[in-house]
Every structure is written in structure tokens, then in C-alpha cells.
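Quick notes on the structure that follows.
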Protein chains: 2
Amino acid sequence: MKAKSYSRQELIALLRRQGIAPTHQRLEIAHVLFSRCEHLAADQILALVNERHAETSKATVYNTLNLFRDCGLIREVIVDPKRVFYDPNTQPHHHLYNIDTGEITDIPAADLAISGLPDLPPGMVTEGIDIVVRVRTL
Amino acid sequence: MKAKSYSRQELIALLRRQGIAPTHQRLEIAHVLFSRCEHLAADQILALVNERHAETSKATVYNTLNLFRDCGLIREVIVDPKRVFYDPNTQPHHHLYNIDTGEITDIPAADLAISGLPDLPPGMVTEGIDIVVRVRTL
DNA sequence: GCCGCGGTTAGACAAAGTCCAATCTTTGAC
DNA sequence: GTCAAAGATTGGACTTTGTCTAACCGCGGC
Ligand SMILES: [Mn+2]
Ligand SMILES: [Mn+2]
Ligand SMILES: [Zn+2]
Ligand SMILES: [Zn+2]
């Protein structure tokens, strides 16, 4: 996943396409998420957004992350029981999780195959499959 | 995974084998975990253990779950950002997670294969691979 | 009976996240 | 451009999950 540098106009278009009003705070948060391609937790995003000049509250960060998630702009990564990480990469992919450092790395789903999954109980539909490879530094 | 009904003596032996002193509280918690084969959160275990007669504290439940986990008697399941579930099934297996009901079901690892995983960065060793199939009720 | 040690406990604490009512911004109609 | 309605933001209170601590309990060994 490339760390494309989105212009302000591109970010505005990105939000509008989802029917999201491009407020200053949402643009700042989108910028933090999409300019670097990392897996960030809410408190890290809050800190990054207010780095230069405090102007976005904790409530707005959480509101916005939930909004972006509901619109499919970002996804949640559940690997650490302590906090949720937000992933700007919404392509199907999986994760390598270093349990010592907490580092999360993408694993492309392209060349990966799972076989032998049992059939789903009737009336259920798959929402997604998440694979987490937990690694330790030797 | 069968819901074997362990006798008090079997539970005592199970704990002693791991060098764990079989106190009354630990036996109660072990009983709750191993007699039913579900994925329970700490607060559910606390409630079940104190169902008849309050005698085990929150601190002891958490102490004991962490102790059992460190000894490999149980494992944690990380699927819900809100709480950790404890799994008495320590065989390699995966999970089906119903995002609507919160229900967690085991998927045996036996007849399941993953191909195409990239090589690990040098100096890293795999601790485990967790697959979560997220399903929705149609 | 007393000691020592491991286990248990209530309650204080911490961190992640939600909620609320007051306030501020955005937006579109004019 | 003005303005009002709709929508967004905010500080701070609140909730939930989990940890920590210091006092206390209980049991085996002497
Ligand atoms: Mn700014
Ligand atoms: Mn009892
Ligand atoms: Zn990712
Ligand atoms: Zn399981």
C-alpha cells in the first residue's frame, strides 16, 4: 500500500463521495489516516491531528473514526485487546502482528488461499475473513 | 469439542499438573470454564461462579484467568474490541464470529489449510495464526 | 499456638470509548 | 451576501474492562 499524498481537494472529494460533509476536523483526520499508511489507534490519531495546533477533540476523533468506518473509508483491526487500530487500506488483506513490539504489517490477500472452511450454517452470510499471524521477535 | 464433565478430583489433578494450587476459587472457575465448552468473557465467568453463593471476587477471577492463560490451560480469543473471551479449547482451531449476536463458534483447524503466506522477516518466529470468519445473520 | 507464604479481597485507579447538552459551522435558499 | 435550519464539535461526565495495592485470610510446618 503506497503512502499517496492526497491534496486537500482530493480529500474533500473523497469525503463528499461518501456523503460526508468535509469539515476542517474531518479533513485533518482523513489527512492523518490516508497520508501515512499505518495502522493507528484513536489516541495516536488524536495526538497527530493536534500536533501543530490543538483544534480537534477526543469526541470528534471517535465520532469521525466511527463515521469513516461505517462508510467503508477505513476498517478496524482487532488484534490487541487494549485498543482498536484503524486501517486506511480497505482492500481485502490480512495482518502480521508482532506481539512484542505491537507492530502491525499488511499481508496481501491476493496470493493467499484458505481451503477446507466448513459450510456456514443456513441463514448466515460471510462478512469477511480476518487472518492474524502472531509473530514474536526471536 | 465435547463438554466433558470434570469431577472435582480431575480438576484438582488438572491444576496440580501445571503447578497451580487448587484453591476453592480456582476450582470453581476451572469448573465453569471446562464443564461448558463456550467462549466466556470475564464478567460472565464472574457471574457464573457467584451464581449460587457469592464467594469469588473480580480480582480473583482476573488473576486466575491470567494464570490459566499463562499456563496454557486456556487461551484468549480476540474478536470483540470490547472484551476478551476465554477459550477452554487449547487445540489449534479457529473461530466463526457472528457480529450480530456476538456468538463464537469453533472451526477445527484439522481440515483447513492456508497457502501463499509470505516468508517472515528474519529473526521472527510464528506464535500462532488466528482466523476469524465474521458472519452476519441474513 | 505461632510463623510464613501464597491466595484472596475491596476498593482505588487507569485507559478506551460513549454520551450529552451547549455551542459553533456549514450549507443551501433566497 | 444573509440567514436560519441542520449538522458537527466540544468539554466533561460517565461507563466498562481490566489492573494494582495493601490488608487480610488460611493452611502447612514447626
Ligand atoms: Mn489544522
Ligand atoms: Mn462454591
Ligand atoms: Zn492493514
Ligand atoms: Zn474456540
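Naming convention: chains lettered A, B, ... in sequence-line order (proteins, then strands); numbering from 1 in each chain. The structure presented is a predicted model; accordingly, all values stated were derived computationally and were not measured. Values below: all heavy atoms of this structure, side chains included; hydrogens, waters and symmetry mates excluded.
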| message | Distance check needed: dT25(C) C1' versus L15(A) CG, whole Å only. | response | 16 Å
| Counting distance only, does the side-chain N/O of N50(A) pair as donor-acceptor with the main-chain N or O of T56(A) below 3.5 Å? | yes
| R26(B) has an atom CZ; how far is it from atom C1' of dG6(C), in whole Å? | 8 Å
| said: Is T23(B) close enough to dT8(C) that one of its side-chain N or O atoms is under 4.0 Å from OP1 or OP2 there? | reply: yes
| query | For Q25(A) and dT25(C), is the shortest distance between a side-chain N/O and OP1 or OP2 below 4.0 Å? | reply | no
| field | Whole angstrom value for the distance that separates P of dT9(C) from CD of E28(B) | value | 11 Å
| said: Main chain of R69(A), side chain of R75(A): is a donor-acceptor contact present, judged purely on distance under 3.5 Å? | reply: no
| note | From CG of L46(B) across to P of dT17(D) the rounded distance in Å is 11 Å
| What integer distance in Å separates I20(A):CD1 from dA8(D):P? | 9 Å
| query | Does A41(B) offer a backbone N or O that forms a donor-acceptor pair with the side chain of Q44(B) under 3.5 Å? | reply | yes
| query | Taking the side chain from N89(B) and the backbone from Q91(B), do they hold a donor-acceptor pair closer than 3.5 Å? | reply | yes
| message | Using a 4.0 Å heavy-atom cut-off, does P22(A) contact any base of the nucleic acid, only the sugar-phosphate backbone, or nothing at all? | response | sugar-phosphate
| Can you tell me how far C1' of dT25(C) sits from NE2 of H24(A), to the nearest Å? | 12 Å
| field | Donor-acceptor pair, side chain of T126(B) and main chain of G128(B), under 3.5 angstrom | value | no
| query | How many Å lie between CG on D43(B) and P on dT16(D), as a whole number? | reply | 10 Å
| d(CG, N50(A); C1', dT9(D)) in whole Å | 13 Å
| task | Give a yes/no answer on whether the side chain of R83(B) brings an N or O atom under 4.0 Å of OP1 or OP2 in dT16(D). | result | no
| message | Once ring-ring contact (aromatic ring centres under 6.0 Å, His included) is applied, what residue pairs with a partner in residues 95-138 of chain A remain, sequence neighbours excluded? | response | H39(A)-H95(A), H93(A)-H95(A)
| Which of residues 58-79 of chain A have a heavy atom under 4.0 Å from DNA chain D? | K58(A), A59(A), T60(A), N63(A)
| said: Looking at V77(A), is its backbone amide N or carbonyl O close enough to the side chain of D87(A) to form a donor-acceptor pair, meaning the two atoms are under 3.5 Å apart? | reply: no
